[in-house]
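Input: a single structure, listed below in structure tokens.
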Amino acid sequence: MANIINGKEISKAIREEIKESTELLVRDTGVRPGLAVIIVGEDPASQVYVRNKKKACDEVGFYSESYELPESTTQEELNALVDKLNRNDKIHGILCQLPLPKHLDENEVIMRISPAKDVDAFHPENVGKIMIGDYSFLPCTPAGVMALLERSGIEVSGKECVVVGRSNIVGKPQAMLLLHANGTVTICHSRTKNLAEVCRRADILVAAIGKADFFTGDMVKEGAVVIDVGMNRRADGKLTGDVDFASVEPKASYITPVPGGVGPMTITMLMQNTLTAAKNSVK
Ligand code: GUN
């Protein structure tokens with residue numbers, strides 16, 4: 001029987017701490033952290049994320065602005081909005097919800113957001129800082145995973161860590177954060193040979209490939225810590241992770257559920273980054 005890592009509870013505790021730090025920052029400097037969220041088009045999943053981000057801002061006492069732009073928005077219009085937010089002193093963090101509609105260039109937007117307000121840590125300047133271990137902004141999902149490990153008392157140092165998935169948003173930065181915590185890190189992807197065998201070596205397995213219920217009990221070592229970053233919709237509309245919980249849970253020592261594991265942590269880390277950006281603005 002695995003210990004279930006409760007992301008909702010850990011997230012709540014961290015948001016309480018962020019709220020307290022925010023109150024102190026406002027009291028001492030008059031600066032209230034502000035986050036702007038941009039969403040282009042009508043993707044229902046993105047709209048839910050944006051609503052949750054606004055709710056989280058209210059909860060921790062941040063100022064927030066949401067921009068829900070039509071699908072027909074041009075690159076010039078989007079660029080102009082980013083430029084305006086870059087200049088706005090009330091806004092410390094800017095997040096443009098990805099994916100964008102096909103006619104818009106995500107890279108151009110990522111490059112345009114001021115690195116000081118890049119609370120996603122997607123700008124090459126921030127990505128580079130992560131590589132050398134200078135973490136002003138932590139990439140939200142991998143940082144959420146690290147916080148879950150830390151607050152569950154799971155030591156990373158010296159452990160075999162296997163990250164499955166090599167996206168710029170999750171897999172690559174996750175590997176860096178685990179490495180920084182002195183884990184021995186392997187990154188696997190779609191071309192990896194003998195994936196199950198590599199996964200069975202893992203003391204800590206991070207599943208981030210976006211395939212529902214892909215990781216089964218036979219791919220996991222007895223006593224492993226299993227972190228499920230997947231968020232997939234089943235045909236019946238239910239949310240499910242990359243890990244087949246029923247067969248993996250009996251073998252794992254710790255496991256994150258979906259929903260209620262990594263998911264709630266991502267927005268909490270976004271709040272953390274926005275607080276950091278606001279603090280940096282008064283330095
Ligand atoms: N879409 C899915 N996850 C994310 C994220 O972490 N940041 C942004 N900007 N868009 C996303």
Side-chain angles (χ1 to χ4, degrees), residues 7 11 14 34-57 62 64-69 71 73 75 78-79 81-82 85-86 91-102 104-127 130 135 137-148 163 165-174 176-177 206-211 227-233 239 241-242 258-259 261-274 276-277:
S11 180
I14 298 174
L35 176 69
V37 177
I38 305 170
I39 173 176
V40 186
E42 272 94 47
D43 176 43
S46 292
Q47 285 172 335
V48 172
Y49 291 142
V50 170
R51 232 174 292 137
N52 286 341
K53 281 163 189 163
K54 163 100 179 62
K55 231 168 70 188
C57 282
F62 288 1
S64 70
E65 295 181 1
S66 310
Y67 294 86
E68 304 201 13
L69 308 180
E71 182 89 20
T73 302
Q75 188 79 46
L78 184 55
N79 290 350
L81 174 59
V82 169
L85 293 169
N86 278 338
I91 296 298
H92 305 95
I94 303 170
L95 179 142
C96 179
Q97 187 70 32
L98 304 180
L100 287 171
K102 287 213 171 33
L104 296 172
D105 184 342
E106 288 183 359
N107 208 35
E108 194 170 330
V109 178
I110 288 171
M111 295 292 288
R112 203 159 188 113
I113 292 173
S114 160
K117 297 191 177 187
D118 169 37
V119 284
D120 265 321
F122 289 170
H123 191 285
E125 185 174 318
N126 289 319
V127 174
I130 290 157
Y135 300 123
F137 295 133
L138 293 162
C140 295
T141 301
V145 170
M146 298 310 287
L148 287 178
V163 178
R166 56 173 159 180
S167 70
N168 289 334
I169 296 186
V170 181
K172 285 186 217 168
Q174 185 69 71
M176 279 302 130
L177 298 193
V206 180
I209 59 166
K211 283 190 190 166
I227 306 291
D228 190 350
V229 181
M231 277 246 241
N232 313 294
R233 285 261 168 227
L239 198 63
D242 290 350
V258 177
V262 175
M265 296 297 288
T266 300
I267 294 184
T268 299
M269 294 298 115
L270 175 69
M271 300 296 116
Q272 183 76 62
N273 282 344
T274 306
T276 301

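Counting starts at 1 for both ligands and their atoms, in listed order.
Using a non-hydrogen distance threshold of 4.0 Å, Cys140 does not register as a contact of ligand 1. For Tyr49, the closest heavy-atom approach to ligand 1 does not fall below 4.0 Å.
Within ligand 1, the atoms closer than 4.0 Å to a non-hydrogen atom of Leu95 are 9 (N), numbered from 1 in the order shown.
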side-chain contact (heavy atoms from CB on, under 4.5 Å) between Val127 and Phe122: does it pass, once the steps are laid out? CA-CA 6 Å; Val127 174; Phe122 289 170; 5.7 Å; no
How far apart are the C-alpha atoms of Leu81 and Leu85, what are their side-chain angles, what is the distance that settles it, and do they pass the side-chain contact (heavy atoms from CB on, under 4.5 Å) test? CA-CA 6 Å; Leu81 174 59; Leu85 293 169; 4.0 Å; yes
side-chain contact (heavy atoms from CB on, under 4.5 Å) for Val82 and Ile38? Distances and angles first, verdict last. CA-CA 9 Å; Val82 169; Ile38 305 170; 4.1 Å; yes
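Considering backbone and side-chain atoms together, Cys96 places an N or O closer than 3.5 Å to an N or O of ligand 1. Note: no N/O pair closer than 3.5 Å links Phe122 and ligand 1 by distance alone. Among the atoms of Asp120, some N or O lies under 3.5 angstrom from an N or O of ligand 1. Polar contact with ligand 1: absent for Lys53 (N/O pair, distance under 3.5 Å).
A donor-acceptor pair is defined here as one N or O able to donate and one able to accept, closer than 3.5 Å; such a pair exists between the side chain of Ser11 and the backbone of Pro264.
Ile130 contributes atom CD1, which lies 7.0 Å from atom CG of Leu177 (distance to the nearest 0.5 angstrom). Atoms OG1 and CD1, from Thr268 and Ile14 in turn, are 6.5 Å apart once rounded to the nearest 0.5 Å.
The shortest distance between side-chain heavy atoms of Leu270 and Leu35 falls below 4.5 Å.
Here the protein heavy atom with the shortest distance to atom 1 (N) of ligand 1 is Leu98 O, 2.8 Å. From the protein, the heavy atom lying nearest to atom 3 (N) of ligand 1 is Gln97 NE2, 4.5 Å.
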